[in-house]
Amino acid sequence: AEDADLLVVQSSLPDFKDVPVGDALSAFLSEIDRVAQRITVALPAYTLSFISRRDMNLERDPSESGMASSHVMRALGGLRTRHPVYSFAVIGPDAKLLAEIDWAERSPFGDDSLFGWFSTKKTKYVLLGTRALAHVHR
């Protein structure tokens, strides 16, 4: 991520054979914190149940797209972008700006969306999955 403006980490916090989950989480959070000192890091914090419930509270409802975003918000003070379905945990220089925009007032995937904003930056994507289960959107 040395030559990027933004890092998107899509993760379900994979299992590492013979490594305790606490050790893996600690290393993950340490690296996210290190990178976020220089560039913005975004992790999906999708809330797909909004589609069926039509109700969402960004502070109460946990991410349904992996626990990585919840850990970044809780342990590192990451913020959550404002969208009922396609929210992200964000940390780093542009985190406050991204968390203040009401992305739900914009198109879901167009140039004015958060995904469109990602495309205007030098964005790098990292996918961490498990051997047992890795969804395409993660």
Side-chain angles (χ1 to χ4, degrees):
E2 296 304 318
D3 62 342
D5 296 325
L6 175 71
L7 179 66
V8 177
V9 180
Q10 300 187 10
S11 173
S12 55
L13 288 182
D15 283 329
F16 295 98
K17 194 172 186 169
D18 301 324
V19 176
V21 68
D23 292 349
L25 179 60
S26 178
F28 176 81
L29 291 174
S30 177
E31 189 62 14
I32 293 293
D33 190 42
R34 183 188 73 78
V35 172
Q37 299 306 310
R38 193 178 54 75
I39 66 173
T40 302
V41 179
L43 300 94
Y46 300 165
T47 310
L48 302 177
S49 63
F50 171 81
I51 296 167
S52 61
R53 287 186 320 184
R54 290 293 188 218
D55 176 55
M56 189 206 174
N57 181 321
L58 288 170
E59 294 176 13
R60 183 193 70 228
D61 292 350
S63 164
E64 296 173 9
S65 56
M67 288 303 298
S69 59
S70 296
H71 286 293
V72 166
M73 287 186 294
R74 187 171 38 251
L76 301 179
L79 303 173
R80 193 167 183 180
T81 62
R82 295 173 55 202
H83 194 284
V85 178
Y86 298 112
S87 64
F88 282 78
V90 288
I91 186 169
D94 289 324
K96 188 170 190 240
L97 166 80
L98 296 174
E100 289 175 349
I101 296 171
D102 189 351
W103 297 99
E105 292 181 352
R106 301 171 178 220
S107 64
F109 302 109
D111 290 343
D112 64 335
S113 71
L114 184 57
F115 300 103
W117 190 86
F118 289 170
S119 72
T120 67
K121 302 293 181 187
K122 287 181 9 184
T123 303
K124 299 283 184 169
Y125 295 87
V126 174
L127 170 64
L128 299 173
T130 67
R131 293 183 308 275
L133 179 64
H135 293 288
V136 173
H137 72 274
R138 289 198 183 151

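Only a predicted model underlies this, so the values are computations on that prediction, with no experimental measurement involved.
- Across all non-hydrogen atoms, the minimal contact from Ser107 to Ser113 is O-CB, 3.1 Å.
- Atom CD of residue Glu31 and atom CG of residue Leu7 lie 9.5 Å apart, to the nearest 0.5 angstrom.
- Side-chain atoms of Ser119 come within 3.5 Å of backbone atoms of Gly116 as a donor-acceptor pair (strictly under, hydrogens ignored).
- Remark: Asp23 pairs with no residue by the salt bridge (Lys or Arg N to Asp or Glu O under 4.0 Å) rule, at least two apart or across chains.
- Tyr86 and Phe115 have perpendicular rings, their planes meeting at more than 60° on a 0 to 90° scale where under 30° would count as parallel.
- With rounding to the nearest 0.5 angstrom, the CD1 atom of Ile91 is 15.0 Å from the CZ atom of Arg80.
- Listed by chain and number, the residues in a ring-ring contact (aromatic ring centres under 6.0 Å, His included) with Phe118 are Phe88 (sequence neighbours excluded).
- What you find for Val41 and Leu43 is that their closest heavy atoms are CG1-CD1, 4.0 Å.
- Here the shortest heavy-atom pairing between Ala4 and Arg38 reads O-NH1, 3.8 Å.
- Of all non-hydrogen atoms in Thr40 and Leu98, the two that sit nearest each other are CG2-CD1, 4.1 Å.
- The shortest heavy-atom contact between Trp103 and Thr81 is CD1-CB, 4.0 Å.
- For the side-chain contact (heavy atoms from CB on, under 4.5 Å) test, residues two or more places apart in sequence or in another chain that qualify with Ala104 are His83, Pro84, Asp102.
- For Tyr125, there are no ring-ring contact (aromatic ring centres under 6.0 Å, His included) partners at least two apart in sequence or on another chain.
- Looking at Thr123, its side chain never comes within 3.5 Å of a backbone N or O of Leu6 through a donor-acceptor pair.
- Listed by chain and number, the residues in a side-chain contact (heavy atoms from CB on, under 4.5 Å) with Ala95 are Leu79, Val90 (sequence neighbours excluded).
- Among pairs with a residue in residues 85-97, those fulfilling salt bridge (Lys or Arg N to Asp or Glu O under 4.0 Å) read Lys96-Glu100, at least two apart in sequence or across chains.
- The two atoms that bring Pro93 and Ala36 nearest to each other are CD-O, 3.6 Å, heavy atoms only.
- To the nearest 0.5 angstrom, Leu114 atom CG is 11.0 Å from Phe109 atom CZ.
- Sequence neighbours left out, not one pair with a member in residues 104-119 passes salt bridge (Lys or Arg N to Asp or Glu O under 4.0 Å).
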